[in-house]
Amino acid sequence: MAEWTFLTNHSHVLVCLAADPELRMREIAELVGITERATQRIIAELVEGGYLVKERDGRRNRYTVNGDASLRHRVEGDHTLGELLAAVAQSRRDRPADS
């Protein structure tokens with residue numbers, strides 16, 4: 001049976017950066033389970049789409065998530081990225097520490 005998840009790699013990257021805006025590409029790739037190249041492409045698409053703002057801070061990048069941006073699909077388009085991230089963050093806070 002194929003392994004799949006409800007959220008896309010794009011949303012996984014956003015969840016990671018919402019939790020830690022200074023993560024490096026390598027760290028994001030490792031957390032999400034994708035290549036650094038795929039991570040670079042996803043971040044570029046999210047910046048282009050207005051979901052992330054990328055700022056250079058010395059040799060590192062810092063990312064700001066645009067929580068006011070609407071979700072892209074017509075089924076959930078009346079919700080914002082901030083609402084999605086808040087729901088995911090709340091479920092992580094509610095999870096027992098040993099899971």
Side-chain angles (χ1 to χ4, degrees):
M1 180 156 71
E3 189 176 318
W4 60 275
T5 63
F6 283 99
L7 299 178
T8 67
N9 288 338
H10 284 66
S11 57
H12 296 311
V13 168
L14 284 166
V15 167
C16 290
L17 288 172
D20 186 350
E22 295 181 0
L23 284 173
R24 296 173 190 241
M25 295 280 181
R26 176 180 30 80
E27 296 166 324
I28 298 167
E30 193 173 295
L31 287 167
V32 176
I34 57 178
T35 64
E36 284 186 57
R37 180 85 168 149
T39 304
Q40 291 170 345
R41 180 184 50 78
I42 288 170
I43 287 177
E45 291 171 354
L46 292 169
V47 168
E48 183 179 322
Y51 292 90
L52 275 180
V53 175
K54 177 179 163 182
E55 301 171 64
R56 195 76 172 153
D57 185 12
R59 294 184 49 171
R60 297 193 66 169
N61 292 320
R62 179 175 180 78
Y63 300 93
T64 304
V65 175
N66 178 4
D68 294 332
S70 295
L71 298 179
R72 291 175 56 105
H73 196 277
R74 66 179 179 265
V75 171
E76 64 268 351
D78 56 339
H79 294 281
T80 65
L81 177 56
E83 291 174 299
L84 174 67
L85 293 173
V88 172
Q90 182 62 46
S91 70
R92 292 179 74 167
R93 284 191 297 271
D94 292 345
R95 191 178 319 148
D98 62 343
S99 27

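Just so you know, these numbers come straight off a predicted model, no measurement behind them.
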Can you tell me if [X] uses its side chain to pair, donor with acceptor, with the backbone of [Y] under 3.5 Å?
{"X": "Tyr51", "Y": "Ser70", "answer": "yes"}
{"X": "Asn66", "Y": "Gly50", "answer": "yes"}
{"X": "His10", "Y": "Ile42", "answer": "no"}

request  = State which residue, out of Val13, Leu14, Asp20, Val15, fulfils the side-chain contact (heavy atoms from CB on, under 4.5 Å) condition with Leu17.
outcome  = Val13

message = If you apply the rule side-chain contact (heavy atoms from CB on, under 4.5 Å), what do you find for Leu46 with Tyr63, and how did you get there?
response = CA-CA 11 Å; Leu46 292 169; Tyr63 300 93; over 6 Å; no

task = Give the intermediate values and the outcome of side-chain contact (heavy atoms from CB on, under 4.5 Å) for residues Val47 and Val53.
result = CA-CA 6 Å; Val47 168; Val53 175; over 6 Å; no

Could you state the interatomic distance from [atom1] ([X]) to [atom2] ([Y]), rounded to the nearest 0.5 Å?
{"X": "Thr39", "Y": "Glu36", "atom1": "OG1", "atom2": "CD", "answer": "7.0 Å"}
{"X": "Leu23", "Y": "Cys16", "atom1": "CG", "atom2": "SG", "answer": "6.5 Å"}
{"X": "Arg24", "Y": "Arg59", "atom1": "CZ", "atom2": "CZ", "answer": "8.0 Å"}
{"X": "Met25", "Y": "Ile34", "atom1": "CE", "atom2": "CD1", "answer": "10.0 Å"}
{"X": "Thr64", "Y": "Leu52", "atom1": "OG1", "atom2": "CG", "answer": "8.5 Å"}

Enclosure of Glu48 CD (heavy-atom neighbours >12, cutoff 6.0 Å) = no

ask   = Does a sphere of radius 6.0 Å around CZ in Arg60 hold more than 12 heavy atoms from other residues, nucleotides or ligands, not counting ones at 6.0 Å or beyond?
value = yes

Indicate yes or no: at least one non-hydrogen side-chain atom of [X] is less than 4.5 angstrom from one of [Y].
{"X": "Val65", "Y": "Leu81", "answer": "yes"}
{"X": "Thr5", "Y": "His12", "answer": "yes"}
{"X": "Thr80", "Y": "Glu83", "answer": "yes"}
{"X": "Arg56", "Y": "Asn61", "answer": "yes"}

key: Considering all heavy atoms, the nearest Ala18-Leu85 contact   = CB-CD1, 4.0 Å

task = Might you work through the side-chain contact (heavy atoms from CB on, under 4.5 Å) test for Arg41 and Arg37, ending with a clear yes or no?
result = CA-CA 6 Å; Arg41 180 184 50 78; Arg37 180 85 168 149; over 6 Å; no

query = Is the shortest distance from a Lys or Arg side-chain nitrogen in Glu30 or Arg26 to a carboxylate oxygen in the other one below 4.0 Å?
reply = no

